[in-house]
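Below is one structure, written out as structure tokens; the observations come after it.
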Amino acid sequence: MNHETTTLISLKEAMKRVDHKLQALEAQFKELDLTKDKLTQKFDHHSKTLTSQAAQDEMWIAVLALKFTSMELNIVYSYVIEVLIGLHTRVLEKLPDLVRGLPTLASVLRRKVKNKRIRVVWESVLEEFGLQDGNIIALCTFFIVHGNKAEHYPAKVRQMYIRDVTFMITSMIKNQALQDSLLKAVQVIEKGKAVTASKKQTSSLKEVIPSVKN
């Protein structure tokens with residue numbers, strides 16, 4: 001075996017060793033990529049969890065820090081409780097066979113997590129009301145914190161005490177999520193009153209029109 005042949009064989013063996021090392025490195029890089037992807041997913045999930053937790057903490061702090069007078073608190077509470085009751089009532093209207101199993105709004109919120117039928121109805125009711133889950137979190141937080149000391153004022157009483165509840169909310173509440181949710185609660189109730197008044201007016205007209213024709 002001459003020198004050139006020996007050199008060629010040595011070169012081929014060296015190339016094989018290099019190929020094996022490259023294959024091993026490629027396998028390691030693939031494994032590192034998979035590990036990186038898993039860590040990235042975990043980090044994103046953890047980041048979202050922390051963000052959500054921080055938002056919830058801010059909400060609790062904002063609700064606890066409210067400086068309403070007793071009268072102002074009662075007025076805002078009245079809108080909140082009417083919306084929550086309205087949501088629960090509407091869900092039961094859509095699920096009459098589950099009335100006994102859903103005695104409270106809290107039971108709806110608990111069971112919708114695992115029950116697809118309840119979840120679909122809940123989402124449709126939220127859409128009807130023009131609300132989102134974030135609004136419900138804010139309204140429920142308000143109710144939990146202040147429900148034991150607040151009093152419900154009917155619409156006529158509310159109008160006697162304050163004319164512009166929207167201005168009161170925007171001027172006194174700085175937390176945007178809480179402010180938006182309370183404003184939506186007011187909007188839902190006031191819109192409902194307008195619809196009811198319109199229906200009553202239409203009904204009255206129907207009663208009057210025949211008598212006019214006669």
In Å and rounded to the nearest 0.5 Å, what is the CG to CD1 distance from Asp164 to Ile162?
-> 7.0 Å
Atom pair CD1/CG of Ile169 and Leu178 - distance to nearest 0.5 Å = 8.5 Å
According to a 4.5 Å side-chain heavy-atom criterion applied to Ile, Leu, Val, Met, Phe, Trp and Tyr, with indirect links allowed, do Ile85 and Ile118 form part of one hydrophobic cluster?
-> yes
Sorted by chain and number, sequence neighbours left out, ring-ring contact (aromatic ring centres under 6.0 Å, His included) with Phe129 holds for none
To the nearest 0.5 Å, what is the distance between CG (Leu131) and CG (Leu87)?
-> 6.0 Å
Do Met168 and Val165 have side chains that get closer than 4.5 Å, going by heavy atoms?
-> yes
Joint cluster assignment, Leu84 & Leu126, ILVMFWY side-chain distance < 4.5 Å | yes
Do Val99 and Val120 share a hydrophobic cluster (ILVMFWY, side-chain heavy atoms under 4.5 Å, transitive)?
-> no
Rounded to the nearest 0.5 Å, how far apart are OG1 of Thr141 and CD1 of Ile61?
-> 12.0 Å
Non-neighbouring partners of Thr69 that pass side chain to side chain contact (heavy atoms under 4.5 Å, CB included), sequence neighbours left out = Met71, Glu72
Between the side chain of His88 and the main-chain N/O of Val108, is any donor-acceptor distance below 3.5 Å?
-> no
Across all chains, not counting sequence neighbours, the side chain to side chain contact (heavy atoms under 4.5 Å, CB included) partners of Ile144 are Trp60
With hydrophobic residues grouped by side-chain heavy-atom distances under 4.5 Å, do Leu64 and Leu73 end up in a single group?
-> yes
Could I get the full list of ring-ring contact (aromatic ring centres under 6.0 Å, His included) partners for His146, not counting sequence neighbours?
-> Phe142
Give the table of side-chain donor-acceptor pairs shorter than 3.5 Å for residues 179-187, with sequence neighbours excluded, one pair per line with atom names and distance.
| from | atom 1 | to | atom 2 | distance (Å) |
| --- | --- | --- | --- | --- |
| Gln179 | NE2 | Ile173 | O | 2.7 |
| Asp180 | OD1 | Gln176 | NE2 | 3.0 |
| Ser181 | OG | Asn135 | ND2 | 3.0 |
| Ser181 | OG | Ala177 | O | 2.9 |

Could you note down all residue pairs passing salt bridge (charged side-chain N to carboxylate O under 4.0 Å, His left out) where residues 96-123 supplies at least one of them, sequence neighbours left out?
-> Asp97-Arg117
Spell out, yes or no, whether Ile75 and Met160 are grouped together once hydrophobic residues are joined by side-chain heavy atoms under 4.5 Å, including indirect joins.
-> no
For the residue pair Trp122 and Leu95, establish whether any side-chain heavy-atom pair is separated by less than 4.5 Å.
-> no
Any pair counted as ring pair (Phe, Tyr, Trp, His ring centres under 6.0 Å), so long as it reaches residues 151-187, sequence neighbours left out | Tyr153-Tyr161
Go through the structure and list residues passing side-chain hydrogen bond (donor to acceptor under 3.5 Å, both in side chains) with Tyr77, not counting sequence neighbours.
-> none
Scan residues 126-137 for pairs that pass salt bridge (charged side-chain N to carboxylate O under 4.0 Å, His left out), counting only residues two or more places apart or in two chains.
-> Arg90-Glu128, Lys94-Glu128
Can you tell me how far OG1 of Thr104 sits from CG of Leu109, rounded to the nearest 0.5 angstrom?
-> 8.0 Å
According to the salt bridge (charged side-chain N to carboxylate O under 4.0 Å, His left out) rule, which pairs have a member within residues 76-85, sequence neighbours left out?
-> Glu82-Arg158
What one should report as the nearest heavy-atom pair of Tyr79 and Ile189 is CD2-CB, 3.7 Å
Taking the side chain as C-beta and beyond, is there a heavy-atom pair between Val76 and Leu66 under 4.5 Å?
-> no
Check side-chain hydrogen bond (donor to acceptor under 3.5 Å, both in side chains) between Asn115 and all other residues, then give those that pass, not counting sequence neighbours.
-> none
Decide yes or no on side-chain contact (heavy atoms from CB on, under 4.5 Å) for Asn74 and Ser70, but give the supporting numbers first.
-> CA-CA 6 Å; Asn74 289 339; Ser70 178; 3.9 Å; yes
